[in-house]
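Written out below as structure tokens is the structure these notes cover.
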Amino acid sequence: MLPFSTIEEATTFLGRNLTVAETLWFNYSAKKSDYYLFCHNILFLFLIFSVVPLPFVFVEMMRSLGFDKYKIQPKVSLSLSEMFRCYKDVMWMFVLVVGPLQLVSYPSIKMIGIRTGLPLPSVWEILAQLAVYFMVEDYTNYWIHRFLHVKWGYEKIHWVHHEYTAPIGFAAPYAHWLEVLILGIPSFLGPAIVPGHMITFWLWIALRQIEAIETHSGYDFPWTPTRFIPFYGGADYHDYHHYVGGQSQSNFASVFTYCDYIYGTDKLKEESRIDGAQNGGSYYVPTQDLKSE
């Protein structure tokens, strides 16, 4: 809750007039508790999990209109009921794990110093902090993901997420409840290292989930803006990881591919190319992976 009753008090405190964005923020948040503002994440996550995958559902249903050529594993086709069943499973996990986790994690957010007051951060400050969050999460997630592919981690936890060997947008958050909890750690580390404003935190949670949905979409569109991001993995990169499944010891990248490149687990850059594999896709497959299939 802001420590100002009026815009005039806020103006006096800042020593300048409020920007348009700050005025809007004041009008919305002045009388709302910090806990209430933090819990907006629950609504944002619900909307992202429910709405963002819908364009990919439409594309899957309308593949005959020319979208089939962008499908990474074109021999795999899911019905609307199958995709909706995945969504229902995700919503159960949302109600039982994700939502309650958000409700009880507020003290940690206050502890690390996420603020809700004025002034608002500049655009450059937000972008810089988001870049740090993505890099920290990406590096930490890489090693956790590798752990989840050791025998115990995969058989006890990670196999659930790999039920979809040809992933779909709704399957991005589809995972074992323990994996949901574990992967919350990398998402929290960035804001803990470089705490920012609640608006930045909202953007971070939203953008990370939207990216995960795009990565699990099962489609590789040439017009996707993320193609222009250096070292970005994308749907084709992560799709191969799902395609190989439990045997996969490559393409662990969460967002960027630099960790895979540095630690020798980048298997899409092998010299031997195989076209039209099991599910109609085309991948760079290393010899050792072929022997294990």
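No hydrogens, no waters, no symmetry mates; every other heavy atom, side chains included, goes into these values.
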Evaluate Leu207 against Phe134 for side-chain contact (heavy atoms from CB on, under 4.5 Å), listing each step before the verdict.
CA-CA 10 Å; Leu207 289 173; Phe134 270 105; 4.1 Å; yes
Is Thr224 reaching over with its side chain to a backbone N or O of Arg227, donor-acceptor style, under 3.5 angstrom?
no
Could you tell me whether the side chain of Glu22 and the main chain of Leu120 form a donor-acceptor pair under 3.5 Å?
yes
Kindly assign one of parallel, tilted or perpendicular to the pair Tyr28 and Trp25, based on the angle between their ring planes and the thresholds 30° and 60°.
tilted
Heavy atoms from other residues, nucleotides or ligands near NZ of Lys32 exceed 12 (cutoff 6.0 Å)
yes
Pro167 and Asp239, any side-chain heavy atoms less than 4.5 Å apart:
yes
Output, in order, the C-alpha distance, side-chain angles, deciding distance and verdict of side-chain contact (heavy atoms from CB on, under 4.5 Å) for Leu45 and Gln102.
CA-CA 10 Å; Leu45 288 172; Gln102 293 292 314; 4.1 Å; yes
Closer than 3.5 angstrom, by distance alone: can the side chain of Thr6 be matched with the main-chain N or O of Glu9 as a donor-acceptor pair?
yes
Is the Tyr258 ring parallel, tilted or perpendicular to the Phe256 ring (thresholds 30°, 60°)?
tilted
Please confirm whether the backbone N or O of Leu101 pairs with a side-chain atom of Ser105, one donor and one acceptor, at under 3.5 Å?
yes
Rounded to the nearest 0.5 Å, what separation is found between the CZ atom of Phe228 and the OG1 atom of Thr226?
9.5 Å
Which value, rounded to the nearest 0.5 Å, describes the distance between Phe38 atom CZ and Phe201 atom CZ?
5.0 Å
Are the aromatic rings of Tyr263 and Tyr142 close, with centres under 6.0 Å apart?
yes
Using distance alone, with no hydrogens and no angle criterion, decide if Ser81 and Ser79 have a side-chain donor and acceptor under 3.5 Å apart.
yes
If we ignore angles and hydrogens, is there a donor and acceptor under 3.5 Å between the side chains of Thr257 and Tyr237?
no
Should Thr19 and Thr23 be marked as a side-chain contact (heavy atoms from CB on, under 4.5 Å) after you check the CA-CA gap, both sets of side-chain angles, and the distance that decides it?
CA-CA 6 Å; Thr19 65; Thr23 301; over 6 Å; no
Under 3.5 Å, side chain of Asp236 to main-chain N/O of Asp220, donor-acceptor pair present?
no
Are the side chain of Glu60 and the backbone of Val57 linked by a donor-acceptor contact shorter than 3.5 Å?
no
Got a second to check how far Ile205's CD1 is from Ile210's CD1, nearest 0.5 Å?
11.5 Å
Could you state whether Ile168 and Trp92 fall into the same hydrophobic cluster, counting links through intermediate Ile, Leu, Val, Met, Phe, Trp or Tyr residues with side-chain heavy atoms under 4.5 angstrom apart?
yes
At their closest point, which heavy atom of Ser254 faces which heavy atom of Glu211, and how far apart are they?
O-OE2, 3.7 Å
Under 4.5 Å between side-chain heavy atoms, hopping through other hydrophobics if needed: is there a path connecting Leu181 to Trp152?
yes
Hey, does the side chain of Trp204 reach the backbone of Ser187 with a donor-acceptor pair shorter than 3.5 angstrom?
yes
What are the two closest heavy atoms between Leu2 and Leu118, and how far apart are they?
CD2-N, 4.2 Å
Would you kindly confirm whether Val194 and Met111 end up in one hydrophobic cluster when ILVMFWY residues are joined by side chain heavy atoms under 4.5 Å apart?
yes
Judged by modelled atom types alone, do His176 and His161 share a side-chain donor-acceptor pair under 3.5 Å?
no
Minimum heavy-atom distance Leu80-Met61, with the two atoms named:
N-CE, 3.7 Å
Report yes or no: do Leu183 and Trp143 belong to one cluster of Ile/Leu/Val/Met/Phe/Trp/Tyr joined by side chain heavy-atom distances under 4.5 Å?
yes
Does the side chain of Glu214 come under 3.5 Å of the side chain of Tyr219 through a donor N or O and an acceptor N or O?
no
If you take all heavy atoms of Gly190 and Val136, which pair is closest and at what distance?
N-CG1, 3.8 Å
Checking Tyr133 side chain against Phe188 main chain: does a donor-acceptor pair fall under 3.5 Å?
no
Rounded to the nearest 0.5 angstrom, the CZ-CD1 distance for Phe56 and Ile213 is 8.0 Å
Take the angle between the ring planes of Phe46 and Phe94 and call it parallel below 30°, perpendicular above 60°, tilted in between.
tilted
Is it the case that the side chain of His149 and the backbone of Ser248 share a donor-acceptor pair, with hydrogens and angles ignored and the cut-off at 3.5 Å?
yes
Should the ring pair Phe170 and Tyr87 be called parallel, tilted or perpendicular, given that the plane angle runs from 0 to 90° and is split at 30 and 60?
tilted
Measure across Ser217 and Ala235 and return the closest heavy-atom pair with its distance rounded to 0.1 Å.
OG-CB, 3.9 Å
Do Val123 and Ile199 belong to the same hydrophobic cluster, where Ile, Leu, Val, Met, Phe, Trp and Tyr are linked whenever their side-chain heavy atoms lie under 4.5 Å apart, directly or via other members?
no
Flag, side chain of His238 to backbone of Gly234, donor-acceptor distance under 3.5 Å:
no
What class does the angle between the rings of His158 and His162 fall in, given that below 30° is parallel, 30 to 60° is tilted and above 60° is perpendicular?
perpendicular
Separation of Thr265 OG1 from Phe252 CZ (nearest 0.5 Å)
6.0 Å
Centroid-centroid under 6.0 Å between Phe13 and Phe4 rings:
yes
Interatomic distance, Ile114 atom CD1 to His197 atom NE2 [nearest 0.5 angstrom]:
10.0 Å
Run the side-chain contact (heavy atoms from CB on, under 4.5 Å) check on Arg16 and Thr11 step by step: do they pass?
CA-CA 6 Å; Arg16 58 171 174 79; Thr11 299; over 6 Å; no
How far apart are the closest heavy atoms of Val95 and Pro100, and which atoms are they?
O-CD, 3.2 Å
